[in-house]
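First comes the structure, then the notes that go with it.
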Amino acid sequence: QALGNRGTVTEASGFNPEEDAQKIYNAMKGAGTNEATIIEILAHRTIAQRQKIKEAFKQSVGKELLDCLKSELTGNFEMVVVGLMMPAPVYDAYELKNAIKGAGTEEACLIDILASRSKAEIKEIIATYKKEHGKSLEDDVCGDTSGMFQRVLVSLLTAGRDESTKVDEAQAVQDAKDIYEAGEAHWGTDEVKFLTVLCVRNRNHLLRVFQEYQKISGRDIEDSIKREMSGCLEDAFLAIVKCMKNKPAFFAERLYKSMKGLGTTDNVLIRIMVARAEIDMLDIKAEFLKMYGKTLHSFIKGDTSGDYRKILLELCGGEK
């Protein structure tokens with residue numbers, strides 16, 4: 001798993017998995033749980049280090065650490081800890097499974113994950129999903145979504161995006177024209193054209209297409225998508241565009257929206273804090289401050305409480 005070096009969670013030096021496992025065991029045995037110890041250890045170890053703690057725990061205690069944590073913890077705090085114990089593709093597959101199963105679908109989860117992961121990451125998620133859940137992710141997505149939204153997700157799942165950095169100037173101009181003619185210039189919208197360009201082309205090429213589009217239409221591509229589409233399809237295309245332009249800013253906005261106003265969309269907040277802690281949380285924090293004039297730390301602090309707040313603030317890493 002290629003992790004960025006812009007995370008708030010980094011390798012603990014002098015790491016001793018046996019010692020960590022013992023401390024966690026002691027924190028859970030007997031009446032009550034010492035949550036502070038669990039936070040202190042798990043929020044300051046990398047995913048790879050947590051896997052070693054899991055192994056050490058199983059060897060010395062003869063039980064699965066994850067099962068023990070689940071039986072001791074509850075609520076949102078438990079959800080964060082459970083997420084931290086999973087390797088990245090396992091966590092993504094787990095989140096997707098939860099988004100699909102049961103009544104209704106959490107479309108936001110499908111969009112957040114599939115629009116933001118690289119080709120290699122998507123391939124790994126698909127293989128992990130099959131292994132963990134015995135089903136094809138594509139089949140599950142298709143069984144739970146429909147229409148053009150489904151087609152966009154299926155296209156993202158083929159992990160067929162060009163990942164080169166080359167820009168074909170003539171093609172970029174043509175792509176911008178095609179999208180313009182499929183949307184703004186035309187009564188009704190031909191969404192397939194949007195799909196072909198947004199789900200297939202490489203990032204550098206798309207950034208060029210967006211510039212060209214602005215020239216032709218006098219509008220930002222995001223504005224056109226908002227005018228032309230609605231619902232999940234609009235959300236999916238916007239997420240793709242935003243991830244291409246600036247992925248940390250995309251996550252900063254998702255975090256902001258999960259907390260502002262009444263109530264908190266905890267599953268979104270948890271998913272991003274857990275999944276990005278080791279990758280680009282430093283950049284997400286910087287974008288958050290730039291976009292909203294307040295720190296992510298202050299937002300989390302004001303919107304959550306208890307051990308849940310404590311562990312999220314550790315993952316957020318410092319007030320700046």
Side-chain angles (χ1 to χ4, degrees), residues 1-7 9 11 17 42-43 45-58 63-70 78-102 105-145 149-161 163 199 236 239-240 243 247 250-251 254 266-281 315:
Q1 178 65 20
L3 292 169
N5 54 358
R6 301 290 301 151
V9 173
E11 282 197 353
L42 298 183
R45 303 290 182 273
T46 58
I47 298 171
Q49 289 179 328
R50 293 184 205 118
Q51 303 318 301
K52 294 195 171 115
I53 296 172
K54 244 197 259 187
E55 286 161 29
F57 189 92
K58 194 171 180 173
K63 277 181 174 171
E64 289 291 348
L65 175 52
L66 202 52
D67 295 341
C68 295
L69 288 166
K70 281 181 183 168
E78 178 191 346
M79 279 168 68
V80 175
V81 171
V82 166
L84 289 175
M85 295 311 299
M86 298 179 189
V90 175
Y91 183 55
D92 282 344
Y94 168 83
E95 283 290 291
L96 290 167
K97 183 70 181 164
N98 285 341
I100 293 168
K101 71 166 200 252
T105 307
E106 194 209 332
E107 287 88 1
C109 173
L110 302 181
I111 296 169
D112 278 359
I113 293 177
L114 299 180
S116 67
R117 304 301 191 253
S118 69
K119 206 163 155 169
E121 285 170 331
I122 288 189
K123 287 184 170 154
E124 221 178 330
I125 291 166
I126 291 168
T128 305
Y129 192 95
K130 182 92 182 154
K131 199 174 96 199
E132 299 274 323
H133 306 294
K135 281 181 164 157
S136 138
L137 176 53
E138 188 183 319
D139 290 350
D140 278 2
V141 165
C142 287
D144 233 47
T145 55
F149 176 56
Q150 180 192 85
R151 287 169 69 174
V152 171
L153 296 177
V154 168
S155 176
L156 293 172
L157 279 169
T158 59
R161 185 182 298 286
E163 286 198 334
C199 297
I240 294 167
C243 284
K247 203 179 281 184
F250 167 72
F251 286 120
R254 296 288 295 130
D266 292 296
N267 47 358
V268 175
L269 176 56
I270 293 168
R271 182 167 59 243
I272 297 174
M273 294 305 293
V274 169
R276 309 310 293 186
E278 225 168 298
I279 302 173
D280 52 4
M281 188 56 71
L315 295 176

Value rounded to 0.5 Å, distance of [atom1] in [X] from [atom2] in [Y]:
X: Leu66; Y: Met86; atom1: CG; atom2: CE; result: 5.5 Å
X: Thr128; Y: Asp92; atom1: OG1; atom2: CG; result: 9.0 Å
X: Ile113; Y: Ile125; atom1: CD1; atom2: CD1; result: 6.5 Å
X: Thr158; Y: Glu138; atom1: OG1; atom2: CD; result: 8.0 Å
X: Asn98; Y: Asn267; atom1: CG; atom2: CG; result: 9.5 Å
X: Ser155; Y: Arg161; atom1: OG; atom2: CZ; result: 8.0 Å

Would you say [X] and [Y] make side-chain contact, with heavy atoms under 4.5 Å?
X: Arg271; Y: Tyr91; result: yes
X: Asp112; Y: Phe250; result: yes
X: Leu114; Y: Leu157; result: yes
X: Ile240; Y: Leu156; result: yes

Return yes if some donor-acceptor pair links the side-chain N/O of [X] with the main-chain N/O of [Y] below 3.5 Å, else return no.
X: Lys247; Y: Ser116; result: yes
X: Lys54; Y: Met85; result: yes
X: Arg50; Y: Leu84; result: yes
X: Glu95; Y: Leu110; result: no
X: Glu278; Y: Ile47; result: yes
X: Glu163; Y: Lys119; result: yes
X: Gln150; Y: Thr145; result: yes

Passes side-chain contact (heavy atoms from CB on, under 4.5 Å), Leu69 versus Val82? Steps please.
CA-CA 8 Å; Leu69 288 166; Val82 166; 5.6 Å; no
Applying side-chain contact (heavy atoms from CB on, under 4.5 Å), run through Val90 and Glu132 and close with a yes or a no.
CA-CA 8 Å; Val90 175; Glu132 299 274 323; 4.2 Å; yes
Any idea which heavy atoms bring [X] and [Y] closest together, and the distance?
X: Tyr129; Y: Lys135; value: CD2-O, 3.4 Å
X: Val80; Y: Leu315; value: CG1-CD1, 4.0 Å
X: Ala275; Y: Arg117; value: CB-NH2, 3.8 Å
X: Ala239; Y: Ala115; value: CB-CB, 3.9 Å

Test side-chain contact (heavy atoms from CB on, under 4.5 Å) on Lys97 and Asp140 and set out the steps.
CA-CA 8 Å; Lys97 183 70 181 164; Asp140 278 2; 3.5 Å; yes
Sorted by chain and residue number, the side chain to side chain contact (heavy atoms under 4.5 Å, CB included) partners of Cys68 (sequence neighbours excluded) come out as Met28, Phe57, Lys63
We want to know whether Gln49 and Lys52 form a side-chain donor-acceptor pair, criterion being a heavy-atom distance below 3.5 angstrom.
no
Residues Glu78, Lys70; criterion salt bridge (charged side-chain N to carboxylate O under 4.0 Å, His left out); working and verdict
CA-CA 7 Å; Glu78 178 191 346; Lys70 281 181 183 168; over 6 Å; no
Side chain to side chain contact (heavy atoms under 4.5 Å, CB included), paired with Cys142, selected from Leu153, Leu137, Val154:
Val154
Using the side-chain contact (heavy atoms from CB on, under 4.5 Å) rule, take Val268 and Glu106 through it: C-alpha gap first, then chi angles, then the decisive distance, then the call.
CA-CA 10 Å; Val268 175; Glu106 194 209 332; 4.2 Å; yes
